Amino acid sequence: MKFNIALLAGDGIGPEVTEQAVKTLDAIADVYNHTFKFNKALVGACAIDETGDPLPEDTIKLCQESDAVLFGAIGHPKYDNDPSAKVRPEQGLLKLRKSLGLFCNIRPVKAYERLIENSPLKKEIISGTDISIYRELTGGIYFGDKHISEDGQVASDGCSYSVEEITRIAHLAFKEAQNRRKKLTLVDKANVLETSRLWRKTVTEIAKEYEDVELDFLFVDNAAMQMILNPSQFDVILTENLFGDIISDEASVIGGSIGLLASASIGSTVGMFEPIHGSFPQATGKNIANPLASILSAAMMLRHLDLHKEADAIEKAVEKSLELGITTGDINPKKPYSTTKVGDFIADYITHPEDSNRNFRNIHAGQSTII
Ligand code: IPM
Ligand code: MG
């Protein structure tokens, strides 16, 4: 089959890691007889530098006309350290999510047995953890009215949610729970926030349609604590935009590195697939960033396009790289491999899964069997 993929590499390490995802998808295309046509477009700080706009119209148009969007990373320190900046790279990502109607962000978190010692958390605490976080992505405080007083002394960010916004993601999260361990935890702050009370009421109502799913509730402060005290209690977590942003970064510690966490953003039209990590400016251009989150995002993309055995092949190759220790310094500090070598190994393993020794030897010899 033929697919048009919008490639939005973005800032910092974005281009380096997405290059490995492209390499991986090219290997999949060869083995399974598909064509992936990658069309590049600008977003973020690089788009501001070139056009003055963090999300040029051309980029939105390209995404809308594509089968899927593969996204790298966004952000640049020159904006982080300048609160007075009028345009910011992140605005590009937020506008893109909104323009494409990507209201549901899915972030899987799992403790890979091979990496269990990498987490600063104790083995017995994280072992067996397998969570799917459903984060609402186009509402809440991220998109509420923003205000700063003329004298610059008072600022506000509004937070609002409608029943409709809650309902559409809640159904997706319940369906995911039905396909998993049949437990859904709503994370909110219903003891304080009106919006959270609306989430509870709405989700409780919807739960009647999913009698096989056990629904429970946690206040976000308690959820943050439970995430490191007893993460294996969670199956599907459903939460609003800001809480989901925070909880998912926290959960990444369980996996041993944020460089492993992929995400899918879906909604009304085309899906977008991106690592949850940022642009990691300190690593930019050094060929040391972990490409696995980007590669696993490509796997989520394939699954969304209904290419399940292809997605399985990528996930198997990632497991193999973890097993053999062909990984970057964040998870393999003693003997780190470069970003490109990890990408070469994954692509090579997809092409020759029967012979991992050969892939291993080739990587050691500094060459890939991909010609
Ligand atoms: C994420 C990121 C973004 C967010 C930033 C870059 C705007 O942290 O995808 O988690 O806050 O949503
Ligand atoms: Mg975040």
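The structure presented is a predicted model; accordingly, all values stated were derived computationally and were not measured. In each ligand, atom 1 is the first atom listed, and ligand 1 is the first ligand listed. For reference, positions follow the sequence shown, starting with 1.
Looking from atom 4 (C) of ligand 1 to the surrounding protein, the closest heavy atom is Tyr142 OH, 3.5 Å. Of the protein's non-hydrogen atoms, the one nearest atom 7 (C) of ligand 1 is Glu90 CG, 3.7 Å. Among all non-hydrogen protein atoms, the one lying nearest atom 8 (O) of ligand 1 is Asp245 OD1, 3.3 Å.
Using a cut-off of 2.8 Å, one finds that Asp249 contributes no N/O/S atom close to the Mg ion (ligand 2).
Using modelled atom types, one finds no donor on one side chain facing an acceptor on the other under 3.5 Å when comparing Asn4 with Glu65. Of the N and O atoms on the side chains of His147 and Asp145, not one donor lies less than 3.5 Å from an acceptor on the other residue. Remark: the Tyr142 side chain and the Asp245 side chain contain an N/O donor-acceptor pair separated by less than 3.5 Å. With 3.5 Å as the limit, one finds a donor-acceptor pair spanning the side chains of Arg107 and Ser248.
The shortest separation from a heavy atom of His277 to ligand 1 is not under 4.0 Å, leaving the residue out of contact. Residue contact annotation: Arg107 has a non-hydrogen atom under 4.0 Å from ligand 1.
The existence of a salt bridge linking Lys316 and Glu319 is excluded, since no basic side-chain nitrogen approaches an acidic carboxylate oxygen closer than 4.0 Å.
A pairwise comparison of heavy atoms in His171 and Ile206 identifies CE1-CG2, 3.7 Å as the closest pair.
Ring geometry, Phe3 versus His34: the interplanar angle exceeds 60°, so the pair is classed perpendicular (tilted spans 30 to 60°).
Here Asn241 has no heavy atoms under 4.0 Å from ligand 1, in either its backbone or its side chain.
Within the listing of ligand 1, atoms 1 (C), 4 (C), 9 (O), 10 (O), 11 (O), 12 (O) sit less than 4.0 angstrom from a heavy atom of Arg135. The ligand atoms of ligand 1 that sit less than 4.0 angstrom from a heavy atom of Ile74 are 6 (C).
When the N, O or S atoms of Asp245 are ranked by distance to the Mg ion (ligand 2), OD1 comes first.
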